[in-house]
Amino acid sequence: MTPALDIRGLTVRYGGTTAVHDLDLTIGRGETVALLGTNGAGKSSTVNAALGLFRPAAGTVEVLGRSPLAAVRAGGVGAMLQHGGLPSETRVGEVLRLVAGRYEEPWPVTDLVTTTGIDGLLDRRCEQLSGGQRQRVLLALALAGTPPLLVLDEPTSAMDVEGRQAFWATMRDLAGRGHTVVFATHHLAEADAVADRVVVVDGGRVVADGSSAAIKSRIAGRTVRFSCPDRTGLGDLPGVTAVGGTGDLVELATTDAEATLRALLTARDRLPELEVAGASLEQAFLTLTGGTR
Amino acid sequence: MTALLLFQLRRVLRSWEYLFFTVVLPALFTVFFTQVFGGQAGSGAEYQEYARTYMVAMMAYGGLGAALGATVRLSFDRASGWLRQVRVLPISGREVVAADTAVGMVLVLPSLVVVALVGRFVNGVQLGLGTWAALVGALWVGSAVFVALGMLLGLALEQKAAGAAMGIVSVVLAALGGLWIPVEVFPDGFRRVAQAVPSYWYGELGRDVVAGTAPGLAVAVLAGFAVLFAGAALAVGARRPLHAVAG
């Protein structure tokens, strides 16, 4: 069976800047994959190229064994875009019926409405939806044709915490029904909660690719922060994977905060402004790229 | 295609501003100006002449406004992100453009018909049945020029600029083309300018049909403008895809 998504040598340039460098990514049918990265990492460019929204500078993209546009036209792909929107002067139900009418095997509307949690919104004017409701309606449009592949670009950005939880519950349910789900996010927690495979993108390249558990163990480290003008030897402390911070402020990324602290306290009398915190995604990337950014 | 066309038609018809400016306003103007100026006519024939001319001018004004107003909305759909959404649905860009063009053409009819009805039943304009049909038919087909111009504006401009351009362009076209004040009372220089805008020839088309003269020149000039606007719209559309994000 052809893969759901097959990207080879993808390079995307905007003017003089290269957003994606020679990226390879193959996603099999039925996988749930998170593209994890910070803003500007190249996630959206990769997603938009996968949907055929523009012609990449180099590389090829195949979706379900066809060109992206052909796959979209055939109803094989449902997508939620960052800059997608709903038409003015319409009601939600009208838009949904228009879109459902374009597919050979539409998702039965009553079930689709329940699945995406838009009950009671069908008679609502599209202009009157809240951010979270709008995203759910856009999800319903993406699912209207029962597409085998679902591509979502930061789908929860306009949602509150409750909305996010409900949304990801829906996604897990869809993945359970055999849909291939690919989504871009900058939240490690979202990637971890939903995806069975996490692809970490940074600087337009894939810097890590593995099971959610494996990636998490690599990047869910701790940060030890303190003030110290001299950095010599800090990188050799037990557990430390990267040394960051600016000026006198030192930030140690560590996989074993306890061992790192023990060694620090043994060697020094004082550790002014000491803090231990969960690693941010930025620090996690520092670890993954070995502090070479 | 039919579903998309009906969907788009319904959306435009929900805009009361659109209906006011393209149907109600031209109809009110037809009554008001004919009563004010036609009332000063010396004879019945003179009044008839005035009522007829003014009705044709207002049909042209309503028709061009309806054509522009319906098609320029393409830029609104780009701004809302709907055209980008459509790109990831099995609806082709060609179909979207075709539907909007068809919507523009269809919505010209209410303006033409309502103003004609007002001309006939309120102002008492007398024409043969064949002439009525030819007048509405000619102005309907001729409105393709303004449908093409509206598509050009809608494709080329961002939402705010397109909205403003649509207002300015319809006022300029109506005023310079002699649809509000007949070109006969224009000074010489302005009269020559009038002949350079398509709205003048659109009005001329209607006047020719009513007078029973062959509208050969008007048809030729309008066809030229239509080709020009449609060509420019296609060129803009080819350079900037429908789903491109604004900015």
Side-chain angles (χ1 to χ4, degrees), chain A residues 14 44 47-48 50-55 63 68-91 93-106 125-127 129 134-135 137-145 147 149-153, chain B residues 1-20 69-100 103 107 154 158-160 162-163 238-247:
Chain A
Y14 301 108
S44 282
V47 165
N48 290 342
L51 292 167
L53 285 173
F54 55 80
R55 194 186 297 273
V63 180
L69 190 60
V72 167
R73 292 274 183 271
V77 191
M80 279 177 77
L81 305 168
Q82 264 198 64
H83 298 283
L86 296 167
S88 56
E89 284 119 5
T90 50
R91 291 179 198 286
E94 291 171 346
V95 183
L96 200 56
R97 276 191 297 278
L98 173 77
V99 171
R102 307 298 301 217
Y103 291 101
E104 277 173 24
E105 291 171 46
R125 295 272 301 247
C126 287
E127 294 95 323
L129 298 173
R134 218 179 73 105
Q135 291 299 91
V137 172
L138 288 170
L139 173 66
L141 296 186
L143 290 175
L149 172 64
L150 200 55
V151 178
L152 317 160
D153 193 1
Chain B
M1 182 64 208
T2 325
L4 182 63
L5 181 63
L6 292 177
F7 179 81
Q8 292 294 73
L9 259 181
R10 237 187 344 247
R11 292 179 58 204
V12 188
L13 291 175
R14 279 197 182 129
S15 159
W16 66 266
E17 296 99 328
Y18 178 83
L19 292 175
F20 177 79
T71 45
V72 83
R73 296 167 54 89
L74 194 73
S75 68
F76 305 173
D77 283 347
R78 189 203 298 273
S80 70
W82 173 237
L83 291 181
R84 198 166 172 80
Q85 187 63 40
V86 163
R87 174 58 185 69
V88 293
L89 297 172
I91 302 174
S92 73
R94 206 169 293 180
E95 227 179 305
V96 171
V97 170
D100 277 14
V103 165
L107 288 179
E158 298 309 333
Q159 180 172 23
K160 276 186 185 156
R239 275 195 54 183
R240 185 161 177 242
L242 288 179
H243 62 266
V245 179

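The sequence lines fix the lettering, A, B, ..., with proteins before strands; numbering per chain opens at 1. Given the structure is predicted, the values throughout are model-derived calculations rather than measurements.
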Worksheet item: Side chain, backbone, both or neither: which part of A:Leu53 has a heavy atom under 4.5 Å from chain B?
Response: both
Worksheet, complete the sentence: Value for CD1 (B:Ile91) from CZ (A:Arg102), rounded to nearest 0.5 Å, stands at 5.0 Å
Fill in: Within residues 5-13 of chain B, residues adjacent to chain A where the heavy-atom gap is under 4.5 Å
B:Phe7, B:Arg10, B:Arg11
Worksheet entry | Top contributor to chain A contacts, counting heavy-atom pairs under 4.5 Å, from B:Ala3, B:Pro241, B:Ser80, B:Ser15 | B:Ser80
Item to complete: Considering only heavy atoms and a distance below 4.5 Å, find which of A:Gly78, A:Ala79, A:Gly101, A:Ser88 pairs most often with chain B.
Response: A:Ser88
Item to complete: Could you check B:Arg87 against A:Leu69 for side chain to side chain contact (heavy atoms under 4.5 Å, CB included), going step by step and ending with a plain yes or no?
Response: CA-CA 9 Å; B:Arg87 174 58 185 69; A:Leu69 190 60; 3.2 Å; yes
Worksheet item: What part of A:Val77 is in contact with chain B, defined as an atom under 4.5 angstrom from a non-hydrogen atom: side chain, backbone, both or neither?
Response: backbone
Discussion item. To check you understand the geometry: which heavy-atom pair defines the closest contact between A:Leu51 and B:Val88, and what is its length?
Written reply: CD1-CG1, 4.1 Å
Worksheet item: Pick one: which of A:Glu127, A:Glu94, A:Glu89 meets salt bridge (charged side-chain N to carboxylate O under 4.0 Å, His left out) with B:Arg14?
Response: A:Glu94
Practice prompt. With the side chain counted from C-beta on, respond yes when B:Gln85 and A:Leu138 share a heavy-atom pair under 4.5 Å apart, and no when they do not.
Written response: yes
Worksheet item: Can you name the closest pair of heavy atoms from A:Val72 and B:Pro90 and give their distance?
Response: O-CB, 4.0 Å
Worksheet item: Is chain B contacted by the side chain of A:Val95, its backbone, both, or neither, given a heavy-atom distance below 4.5 Å?
Response: both
Item to complete: To the nearest 0.5 Å, tell me how far A:Asn48 CG sits from B:His243 NE2.
Response: 8.5 Å
Worksheet item: Heavy-atom count around B:Glu17 CD within 6.0 Å, excluding the residue itself: above 12?
Response: yes
